[in-house]
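Each remark here refers to the structure printed beneath this line.
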Amino acid sequence: MTGIAADEVEEAPAGGQPGHLLAVGLCSGQHVELLQREAELGEPAGGVGHRLVRPAAGGGGGDDVGDSRAGCGGGGEQRVLVLVAGLELVPADQRQWARHFSPLAYGPMADRPVRVRMAPSPTGPIHVGSARTALFNVLFARRHGGQFILRIDDTDLERSTAADEEYIYDGLGWLGLLWDEGPFRQSERLDLYRQHAVRLIEAGHAYRCYCTPDELAAEREAAQREKRPFRYSRRCLRDAPSERPSFVVRFKVPGGAAIEFEDLIRGHMSFASDLIGDPVIIKSDGFPTYNFASPIDDALLEISHVIRGEEHLSNTPTQLMIVDALGYERPQATAHIPLILAPDRTKLSKRRHPALITQFRDWGYLPEAMVNYLALLGWNPGTEQEIFTIAELEAQFDLARVQQSGAIFDRQKLDWINATQIRALPPAELAARLAPFLPGLDSARLERAVPALQERIKTLADGRELLAYLWQEPEVPALSAEEKERLAAATDALRAAEWAPEPIEAILEELRESRGWSRSELINPIRKAVAGGNSPPIHHTLSLLPRAEATGRMERAL
RNA sequence: GGCCCCGUCGUCUAGUGGACCAGGACGCAGCCCUCUCAAGGCUGAGAUCGCGGGUUCGAAUCCCGCCGGGGCUACCA
């Protein structure tokens, strides 16, 4: 077989644009001249085979796709996507990619379907900032009938971990922020970025840089000494010491350009290219940098709106220049959402504020409350509504109403929203949510505990505290003679009671009236004897305890 | 240092030239309700709208300068 099996090929319209899909097919082994150049970039660090194809003559069909078997990673068929122009072959183990490489998807900008993405890097526990970014993306997508894509930006070999990636899935799953496509992992598409780098080099938009870290540090220090902004000297553009074994690829920033774009939150942005030094796009280990991989993937995934944290605002011009140089279409717009701040107004950091998103689950927060709070952190509907269901958020969310300044994460407000949402839950539902936090209660007792808890817990975990008396006998209280008299009367009256809240309440009420005691006179000593300190209303407090245990505690205090 | 973003009660925010001696919410204080704790109701304290100049009859809202905070300036994202 030569390259592409006919029955696997989808023909693209003739004269496809650079970067457009030409065909989807099966590659069983081929290689072309690009392979040599690629070899110069060093051994690929990833495990995915990279197969290269010669440009199709005249931008035509699949027949022209390369037919050499020389370098296809030692046999084995591989599903690939073939692109015109730079002639990249994309390992298409994720079949989903094929759908979006349809030439038909390239429409006029205004008609672009809404496609947004969240692209976290698994380099630490995912925190509330990432979760909110995901939320805003999801809400925007839902509001506009678009797609939400999850991409794992794991191009930092040193810091990315599988555990952190799991936290991302776990956290997003818990919040119900499910993605329509993905997850795509950048580490699995290293050759894709490498091909793009080759293409840029060939076009004169990028070059190899052999400077050592020491040399770069020296340049930086010199710049600092002379009090001028540091930008890479471009020494390797003029005179590269190409005998050195290690190099990076740098993007050659065009001079004198103004990079302009529309940000849905900040408005019109303009940056002078002259202030930007040539950024590294391929590291010496063969991995792309964030500023290179991200815009490529955004373009290939046809992301229409890039919604991300404000820390990326300054990166945007660099990424846009790369997109332009590659001949890809820019995202329709960006939206740089403000940072979430710690109480001291510094940026929330993974180190100092280890707010793992799933930690909130363990603390007893409802995912819908978390979503509600996160949505309000930096966004408001313009009305005075504060409590939202996810459906309401999806209907009302608007990037234009997102704040421009950073917001401090306020646990107390979260608590209030959580408590409010807990109170709004159907009792049976609350029982189910409470179950993991009260393993000591069987489902029947749990259901009976709900009325006692529902309006007095801020988090599900609070239930444990409020019901602590169930498992922990209080100290025997020192009661006055009057208190003992009332307690004794209550104990007697309850001996024959049906052991449920309403009968207990009725009996105590009857006793209280017949003796002329106030409620507190009768109930306080009972509570002291049975629960010690605070507890739910006394009839609930009592009925949640086995009768023998309850009356036992009362007798003990007499 | 350079470039960029931001700046209304403690916190989240409403506010886009007059209806704002700045509204809501959380939190806080008090009162009511009440068997403790909550929930609920009512009341209250809390912002010279970062500062200084302008423009205007009139500015939180427009302009300029400054200050403060943050981000980027990495072979981290």
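Just so we're clear, the structure is a prediction, and the values are computed from it rather than from any experiment. Just so we're on the same page: letters track the sequence lines, and every chain starts at 1.
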Can you check side-chain hydrogen bond (donor to acceptor under 3.5 Å, both in side chains) on A:Tyr207 and A:Asp278, steps first, answer last? CA-CA 10 Å; A:Tyr207 59 94; A:Asp278 292 347; 2.6 Å; yes
Give one of base, sugar-phosphate or nothing for [X], where a contact means two heavy atoms less than 4.0 Å apart.
X: A:Arg423; value: sugar-phosphate
X: A:His540; value: nothing
X: A:Ser520; value: sugar-phosphate
X: A:Phe271; value: sugar-phosphate
X: A:Thr155; value: sugar-phosphate
X: A:Gly533; value: nothing
X: A:Pro279; value: nothing
X: A:Val248; value: base
X: A:Arg308; value: nothing

Please name the nucleotide paired to [N] by Watson-Crick or G-U wobble geometry with both distances under 3.5 Å, or report none.
N: B:C75; value: none
N: B:C28; value: B:G44
N: B:C57; value: B:G18
N: B:C37; value: none
N: B:G65; value: B:C51

Rounded [atom1] spacing from [N] to [M] in Å:
N: B:G65; M: B:C9; atom1: C1'; result: 27 Å
N: B:G27; M: B:A22; atom1: P; result: 24 Å
N: B:G41; M: B:C26; atom1: P; result: 10 Å
N: B:G2; M: B:U8; atom1: C1'; result: 31 Å
N: B:A45; M: B:C6; atom1: C1'; result: 29 Å
N: B:C66; M: B:G24; atom1: C1'; result: 33 Å
N: B:U48; M: B:C4; atom1: C1'; result: 31 Å
N: B:U43; M: B:G52; atom1: P; result: 35 Å

May I ask you to evaluate whether [X] reaches the phosphate of [N], defined as a side-chain N or O under 4.0 Å from OP1 or OP2?
X: A:Asn380; N: B:A14; value: yes
X: A:Gln224; N: B:G1; value: no
X: A:Gln385; N: B:G24; value: no
X: A:Lys283; N: B:A77; value: yes
X: A:Ser294; N: B:A77; value: no
X: A:Arg519; N: B:C35; value: yes

Practice task
Mark yes or no for a side-chain to base donor-acceptor pair under 3.5 Å between A:Arg266 and B:C5, with no hydrogen or angle criteria applied.
Solution key: no
| query | Looking only at N and O atoms, is any donor in the side chain of A:Ser405 or the base of B:C6 less than 3.5 Å from an acceptor on the other one? | reply |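 By the distance-only test, no, there is no pair.
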Could you check which of [options] has an atom nearest any side-chain atom of [X]?
X: A:Gln404; options: B:C6, B:C75, B:A25; answer: B:C6
X: A:Pro213; options: B:A25, B:A77, B:C75; answer: B:C75
X: A:Arg456; options: B:A38, B:A77, B:A14; answer: B:A38
X: A:Ile408; options: B:C26, B:U11, B:A77; answer: B:U11

Quickly work out the [X] [atom1] to [N] [atom2] distance and round it to whole Å.
X: A:Asp415; N: B:A25; atom1: CG; atom2: P; value: 18 Å
X: A:Asp410; N: B:A25; atom1: CG; atom2: P; value: 15 Å
X: A:Leu466; N: B:A38; atom1: CG; atom2: C1'; value: 9 Å
X: A:Asp156; N: B:C76; atom1: CG; atom2: C1'; value: 5 Å
X: A:Glu521; N: B:U36; atom1: CD; atom2: P; value: 12 Å
X: A:Asn534; N: B:U36; atom1: CG; atom2: C1'; value: 5 Å
X: A:Tyr290; N: B:U73; atom1: OH; atom2: P; value: 11 Å
X: A:Asn372; N: B:A25; atom1: CG; atom2: P; value: 16 Å

Would you say [Y] and [X] are linked by a side-chain donor-acceptor pair, where the criterion is simply a distance under 3.5 Å?
X: A:Asn380; Y: A:Arg401; value: yes
X: A:Thr316; Y: A:His336; value: yes
X: A:Ser294; Y: A:Arg151; value: yes
X: A:Tyr365; Y: A:Arg411; value: yes

- Query: Charged N to carboxylate O below 4.0 Å: is that the case for A:Glu215 and A:Arg244?
  - Reply: yes
- Query: How about A:Tyr290 and A:Ser121: do any of their side-chain heavy atoms sit closer than 4.5 Å?
  - Reply: no
Looking at every heavy atom in both [X] and [Y], which two are closest together, and how far apart are they?
X: A:Pro288; Y: A:Phe292; answer: CB-CD2, 4.1 Å
X: A:Ala557; Y: A:Pro477; answer: CB-CD, 3.8 Å
X: A:Ala529; Y: A:Arg556; answer: O-NH2, 4.1 Å

Considering the options A:Phe148, A:Trp379, A:Phe397, which one meets the ring-ring contact (aromatic ring centres under 6.0 Å, His included) requirement together with A:Phe136?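 With A:Phe136 as partner, ring-ring contact (aromatic ring centres under 6.0 Å, His included) holds for just one option, A:Phe397.
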Starting from the C-alpha separation in whole Å, work towards a yes-or-no answer on side-chain hydrogen bond (donor to acceptor under 3.5 Å, both in side chains) for A:Thr459 and A:Asp462. CA-CA 5 Å; A:Thr459 67; A:Asp462 286 347; 3.2 Å; yes
Closest nucleotide of RNA chain B for A:Trp416 versus for A:Leu216: which of these residues is on the 5' side?
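Per heavy-atom nearest nucleotide, the more 5' residue is A:Trp416.
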Please tabulate the protein-to-nucleotide N/O contacts below 3.5 Å involving nucleotides 60-65 of chain B, giving atom names and distances.
none

Which pairs, protein N/O on one side and nucleotides 67-72 of chain B N/O on the other, fall under 3.5 Å?
residue	atom	partner	partner atom	Å
B:G71	O2'	A:Glu311	O	3.2
B:G71	N2	A:Ser314	OG	3.2

Margin query: With a 6.0 Å cut-off on the ring centroids, do A:Tyr373 and A:Phe409 count as close?
Written below: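 Ring centroids of A:Tyr373 and A:Phe409 are less than 6.0 Å from each other.
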message = Donor-acceptor check, side chain of A:Lys413 to backbone of A:Leu377, threshold 3.5 angstrom: yes or no?
response =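 A pair under 3.5 Å: no.
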